[in-house]
Amino acid sequence: MPVIRIERDRVNIEALHADLQTLLGMALIGISQDNAGVVVHVADAITEDDRMRVEERVIAHDPDTLTDDQRTRRERRAALEQARQNYTAPLDPQDYTDALPVIRILIRRIAWLEREIRDLRGL
Amino acid sequence: MWTTPKTDWQINEVVDAADLNAIGENLAALKSPAFAQVVLDEPADFTTTATSFVDVSTARLSLTIDTQGGDVLVAFVGSVYSTSTAVINVSFDVAVDGVRAAGEEGLLVSTVNSNFAANASFNCWITNLSAGSHTFKLQWKLSAGSAIMWAGAVPLHPRFSVREVS
């Protein structure tokens with residue numbers, strides 16, 4: 001399997017993969033990185049022009065540019081961290097004794113689930 | 001240097017220095033068979049997005065030994081994880097002189113995501129190799145996404161070794 005080796009340090013491998021996939025389509029097998037640099041694994045059918053374009057894109061690659069999926073994951077993670085800060089104290093069913101009976105049942109269930117999750121997270 | 005032992009001794013046949021030296025050299029060869037190992041202590045971990053088997057690191061995870069012919073034990077100890085929240089499979093194989101030992105889907109699969117790292121360690125017998133130089137490369141592939149092999153930055157220190165055993 002042909003490879004294209006390019007010396008450069010930090011890359012955002014998911015973003016670089018997505019970028020090169022728009023260029024090469026199914027001819028891109030994947031990207032690897034070790035201390036020697038970036039290795040682009042390609043199918044046999046790649047032209048010399050494509051090879052040059054791959055090298056140009058790898059060299060021009062900005063590792064700080066996120067993919068849509070990475071951005072979504074980052075936002076989801078930030079939202080979760082924010083929610084954790086907003087709800088540091090466990091839910092206490094005693095705070096809802098004047099709620100409707102069905103609500104009190106749900107609160108007890110949610111409090112139980114919260115305890116289970118805290119236990120799983122070692123909190 | 002291993003010499004095939006003489007097994008056709010005759011009654012009253014004289015044992016000469018060459019015979020005894022061959023025995024001594026064989027004992028030395030048995031004590032120190034061909035061996036190579038790399039212990040990773042890299043400044044950055046290894047990553048891939050490859051969905052077909054590729055070398056994990058041609059520069060670091062490629063070992064060459066000169067064998068007397070026979071079997072070689074290949075061992076890898078390491079861990080992998082994914083940066084993706086989706087669960088992916090990371091498959092491993094060993095390429096011996098460019099030919100994968102297991103073929104098809106490889107030797108083993110580690111299932112990971114960003115919350116759970118997985119053990120990716122294995123031993124593998126490579127049998128009936130010819131005498132001479134042989135190169136062993138660790139290879140991997142993914143079902144999707146991207147994966148990371150801890151290679152020293154964490155710091156975990158994977159080991160890849162090959163040893164002639166017969």
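We name chains A, B, ... by the order of the sequence lines, and we start the count at 1 in each one.
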Could you walk me through whether V87(B) and F116(B) pass the side chain to side chain contact (heavy atoms under 4.5 Å, CB included) test, one step at a time?
CA-CA 9 Å; V87(B) 172; F116(B) 299 101; over 6 Å; no

Atom pairs, donor to acceptor, chain A/chain B, distance under 3.5 Å:
residue, atom, partner, partner atom, Å
R5(A), NH2, T58(B), OG1, 3.3
E14(A), OE2, T83(B), OG1, 2.5
E14(A), OE2, S146(B), OG, 3.2
H17(A), ND1, T49(B), OG1, 2.6
I29(A), O, T51(B), N, 3.0
I29(A), O, T51(B), OG1, 3.4
I31(A), N, T49(B), OG1, 2.7
I31(A), O, T48(B), OG1, 3.1
I31(A), O, T49(B), N, 2.7
S32(A), OG, T48(B), OG1, 2.9
Q33(A), N, T47(B), O, 2.9
Q33(A), O, T47(B), N, 3.1
D34(A), OD2, S57(B), OG, 2.5
N35(A), ND2, E42(B), OE1, 2.3
R73(A), NH2, T83(B), O, 3.4

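- At least one donor-acceptor pair under 3.5 Å links the side chain of R104(A) to the backbone N or O of A99(A).
- A continuous path of hydrophobic side-chain contacts links L142(B) to V54(B) [ILVMFWY only; heavy atoms under 4.5 Å].
- When all heavy atoms of A120(B) and F92(B) are compared, the closest pair comes out as CB-CE1, 3.5 Å.
- For the pair A36(B) and L63(B), the tightest heavy-atom approach, listed with the atom from each and the gap, is O-CD1, 3.6 Å.
- Residues L91(A) and Y96(A) form a side-chain contact, since some pair of their non-hydrogen atoms from C-beta on lies under 4.5 Å apart.
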